[in-house]
Amino acid sequence: MLNRLARSVHSVGGAVERTDVVARLLDVHLARRDPATDDPGLGRDLRLVVGATVPPDVDLSPSATLDALALDRHEPASIAAAVAVARDDARRARDVVSTELWDCLNTTRSRLPRKIVGEKAHEFLGWVRERSALAVGVVDGDVSRDEVWEFFTLGRSLARLTVTARMLASDLLDPGSATSWSTALRACGAGEAFHREFRHGSTSADAATFLLLDEHSPRSLLFLARRSEGCLDDLVGVHLAAEVRAFGEARAELETVTPDTAVDAARSAGSRLAAAAETITAALDRRVFAAPEPAR
């Protein structure tokens, strides 16, 4: 696949996934929050987890943070920016992107509101998750398991892995609190799956084990790291041998965590995997997608 097409498809996957993960974080921590439990550091923590900058004079109130990370088109980490990136890169990759996916992304972009009022935030964020799921469903249902699917899946997996790992390493999570782990599971979209598996009560250790080590949950760090590594090996292993090796070492270190140590290991494992995923993303942009096209 041409580098420019690979970059666009990878970008579409990452942007589609970003809309989902940011919407879930905002829904759990802001749209459905109890105002009586407002944490003055929440706005800063959310910005750092999703990769937004935190200027010295920025308004970190819940309402301002929601506005900035949901609909501010000038904030690269926002849902609105991700929707625009997904739509624009899908247009650039029309040679390999299906008409149904293009229509889905184009419609999402055209229907994105300019403003949401507080009581409508939960409804809007639910709509964002539905649009993301529709785009992913189109790709999973229609696209051959070739390079297009793998670049799209790599973009999605790295985006979800990065945000989830940052969240585990941040002050959004209090590893010693069962309530905090429950919130983390819901913010990652893993709450219902976890509670179906642990119907008769659960502990912080159970939640940490599920979110870090579950081999079958597409929301766990281990699942995401393995899927990302598989796509990297297939697509760019030769070109990014050192970076892929370092990523594999971070994944292997995660596999040494046990259910008994998962709670204590959450911050360090999240920090290392987030750094490894960010390194891979930067290397893809710098050395794969930006490489000159072969002469024809």
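The residues of the chain are indexed from 1 along the displayed sequence. Being a predicted model, the structure only gives us computed values, none of them experimental.
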Between [X] and [Y], is there shared hydrophobic-cluster membership here, with clusters defined by ILVMFWY side-chain heavy atoms closer than 4.5 Å?
X	Y	value
V85	V139	no
L240	F247	yes
L213	L221	yes

* Asked: How about E119: does its CD atom have over 12 heavy atoms from other parts shown lying under 6.0 Å from it?
  -> yes
* Asked: Within a reach of under 6.0 Å around CZ of R114, are more than 12 heavy atoms found that belong to other residues, nucleotides or ligands?
  -> no
Gap separating the [atom1] atom of [X] from the [atom2] atom of [Y], nearest 0.5 angstrom:
X	Y	atom1	atom2	answer
L161	L273	CG	CG	5.5 Å
D142	L101	CG	CG	9.0 Å
D95	R4	CG	CZ	6.0 Å
E123	L125	CD	CG	10.0 Å
S170	R44	OG	CZ	11.5 Å
C188	L224	SG	CG	9.5 Å

* To do: Please state whether the rings of F194 and F210 are parallel, tilted or perpendicular, taking 30° and 60° as the class boundaries.
  => perpendicular
Kindly say whether [Y] contributes a backbone atom to a donor-acceptor pair with the side chain of [X] at under 3.5 angstrom?
X	Y	value
S8	L5	no
W181	P175	yes
R47	T53	yes
S157	L154	no
S11	R7	no
R145	D140	yes
S78	R73	no
S182	A178	no
R287	H239	yes

* To do: Could you walk me through whether R267 and D174 pass salt bridge (Lys or Arg N to Asp or Glu O under 4.0 Å), step by step?
  => CA-CA 10 Å; R267 285 189 183 274; D174 175 3; 5.9 Å; no
Is the shortest side-chain N to carboxylate O distance from [X] to [Y] below 4.0 Å?
X	Y	value
R131	D20	no
R219	D214	no
R92	D89	yes
E249	R245	no

Shortest non-hydrogen contact from [X] to [Y]?
X	Y	answer
D285	A290	O-CB, 3.2 Å
F223	S217	CB-O, 3.0 Å
A205	P259	CB-O, 4.0 Å
A250	A276	CB-CB, 4.0 Å
W127	R111	CZ2-CB, 3.9 Å
A70	I116	CB-CD1, 4.5 Å

I want to check something: taking the side chain as every heavy atom from C-beta on, are [X] and [Y] in contact at a cut-off of under 4.5 Å?
X	Y	value
L69	L25	no
L222	L212	no
D88	R109	no
F152	V148	no
L42	L172	yes
L60	V54	yes
V49	V163	yes
L48	M167	no

* I would like to know whether K115 and D67 meet salt bridge (Lys or Arg N to Asp or Glu O under 4.0 Å); could you show each step before the answer? => CA-CA 8 Å; K115 184 73 176 176; D67 287 342; 3.3 Å; yes
* To do: Take E147 and V9 through the side-chain contact (heavy atoms from CB on, under 4.5 Å) test and state the conclusion after the steps.
  => CA-CA 9 Å; E147 287 185 331; V9 172; over 6 Å; no
* To do: Consider only side-chain N and O atoms of D264 and T261, and report whether a donor and an acceptor are under 3.5 Å apart.
  => no
* **Pair S61, D59: side-chain N/O donor-acceptor within cut-off below 3.5 Å** => yes
* Check the pair S98 / V138 against side-chain contact (heavy atoms from CB on, under 4.5 Å), numbers first and verdict last. => CA-CA 9 Å; S98 71; V138 168; 3.9 Å; yes
* Under the side-chain contact (heavy atoms from CB on, under 4.5 Å) rule, what do V21 and T162 come out as? Steps first, then yes or no, please. => CA-CA 10 Å; V21 295; T162 301; over 6 Å; no
* Asked: Going through the distances and angles, do E278 and L158 end up as a side-chain contact (heavy atoms from CB on, under 4.5 Å)?
  -> CA-CA 8 Å; E278 290 164 5; L158 286 175; over 6 Å; no
